[in-house]
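When a residue number appears, it is its place in the shown sequence, counting from 1.
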Amino acid sequence: MKVKIDTGARTSALHAFDIEPGDQGLITFKIHPIPRNADVVVQCQARLIDSRDVTSSNGERERRVVIETDIAIAGQRWPIEITLTNRALMRTRMLLGRQALAGRVLIDPAAALLQPRLSYKAYRAGRHLKATF
């Protein structure tokens with residue numbers, strides 16, 4: 001999934017929809033992993049960490065659920081917290097906030113697309129997939 005680094009955002013945010021409480025502290029939700037393609041849907045499940053009030057960049061306050069999952073960057077892997085929200089109108093499906101990067105990553109504001117480009121071929125097999133965070 002293409003992710004935008006946003007050091008102005010404290011917490012990371014992932015575009016999600018059909019967010020529902022699940023069993024045993026889990027939450028289920030769906031994502032569109034391919035930019036500008038709503039036909040491919042991945043149903044996800046993750047451990048619910050919290051529910052928080054978040055102020056978006058346009059100043060609106062929103063109650064969001066928070067999940068924890070691992071992120072992998074440049075061969076390193078660590079757990080991060082991500083809020084789930086509707087980012088359908090945004091250019092990128094996920095923002096990576098400064099809390100997820102602190103103490104692990106240095107940001108070069110002049111650089112772009114430094115990670116290897118991923119293929120979306122895995123999604124061609126089926127339009128509706130499942131994932132666990």
Side-chain angles (χ1 to χ4, degrees):
M1 181 175 291
K2 189 174 180 181
V3 176
K4 179 181 176 183
I5 303 291
D6 186 354
T7 57
R10 181 175 176 267
T11 309
S12 302
L14 173 66
H15 170 65
F17 59 99
D18 291 347
I19 302 168
E20 299 287 336
D23 296 331
Q24 303 171 6
L26 298 175
I27 193 145
T28 62
F29 56 96
K30 295 177 182 172
I31 63 171
H32 297 298
I34 303 175
R36 298 172 302 280
N37 185 342
D39 292 338
V40 177
V41 176
V42 177
Q43 183 171 328
C44 304
Q45 187 176 49
R47 187 168 64 93
L48 176 65
I49 299 295
D50 198 3
S51 182
R52 298 181 191 146
D53 290 326
V54 176
T55 303
S56 66
S57 60
N58 63 8
E60 292 183 25
R61 290 185 62 81
E62 176 186 21
R63 187 83 169 162
R64 296 184 189 173
V65 297
V66 182
I67 64 167
E68 183 179 74
T69 190
D70 284 352
I71 189 165
I73 298 177
Q76 296 181 32
R77 178 179 295 272
W78 65 92
I80 64 169
E81 292 182 352
I82 303 173
T83 63
L84 303 180
T85 188
N86 185 339
R87 294 183 51 80
L89 300 177
M90 305 297 179
R91 184 172 280 169
T92 54
R93 299 292 185 183
M94 184 172 169
L95 289 180
L96 197 56
R98 66 180 178 270
Q99 193 176 45
L101 303 169
R104 297 184 179 268
V105 177
L106 292 176
I107 306 300
D108 179 353
L113 303 172
L114 297 177
Q115 292 294 295
R117 184 163 272 192
L118 300 176
S119 170
Y120 294 111
K121 289 179 185 177
Y123 297 111
R124 290 190 184 134
R127 293 281 186 206
H128 297 278
L129 304 167
K130 293 187 178 197
T132 301
F133 284 83

Chi angles and distances behind the side-chain contact (heavy atoms from CB on, under 4.5 Å) call for L95, S12: CA-CA 5 Å; L95 289 180; S12 302; 5.9 Å; no
Hey, are the side chains of [X] and [Y] touching, using non-hydrogen atoms and a 4.5 Å cut-off?
X   : Y   : answer
T28 : C44 : no
I73 : L96 : yes
R93 : R87 : no
V65 : F29 : no
L84 : F17 : no
E81 : I67 : no
I27 : Q45 : no

Measuring from atom [atom1] of [X] to atom [atom2] of [Y], what distance do you get when rounded to the nearest 0.5 angstrom?
X    : Y   : atom1 : atom2 : answer
R104 : I71 : CZ    : CD1   : 10.5 Å
K4   : M90 : NZ    : CE    : 9.5 Å
E20  : D18 : CD    : CG    : 7.0 Å
I82  : Q99 : CD1   : CD    : 11.5 Å
K30  : H15 : NZ    : NE2   : 12.0 Å

Pairing of R52 and D50 as salt bridge, 4.0 angstrom limit: yes
Hydrophobic cluster membership, I19 vs M94, 4.5 Å side-chain cutoff: yes
Full working for side chain to side chain donor-acceptor pair (under 3.5 Å) between R98 and T7: CA-CA 5 Å; R98 66 180 178 270; T7 57; over 6 Å; no
I80 vs D70, side-chain contact (heavy atoms from CB on, under 4.5 Å): CA-CA, chis, key distance, verdict: CA-CA 6 Å; I80 64 169; D70 284 352; over 6 Å; no
Polar side-chain atom of H32 near backbone of D39 as donor-acceptor pair, under 3.5 Å: no
CA sep, side-chain torsions, deciding dist, call: L14, I31, side-chain contact (heavy atoms from CB on, under 4.5 Å): CA-CA 8 Å; L14 173 66; I31 63 171; 4.1 Å; yes
R10, R63, R64 screened by side-chain hydrogen bond (donor to acceptor under 3.5 Å, both in side chains) with T83, the one that passes: R64
From CA spacing to verdict: side-chain contact (heavy atoms from CB on, under 4.5 Å), L26, L48: CA-CA 5 Å; L26 298 175; L48 176 65; over 6 Å; no
Side-chain donor-acceptor pair present, E62, T85, cut-off under 3.5 Å: yes
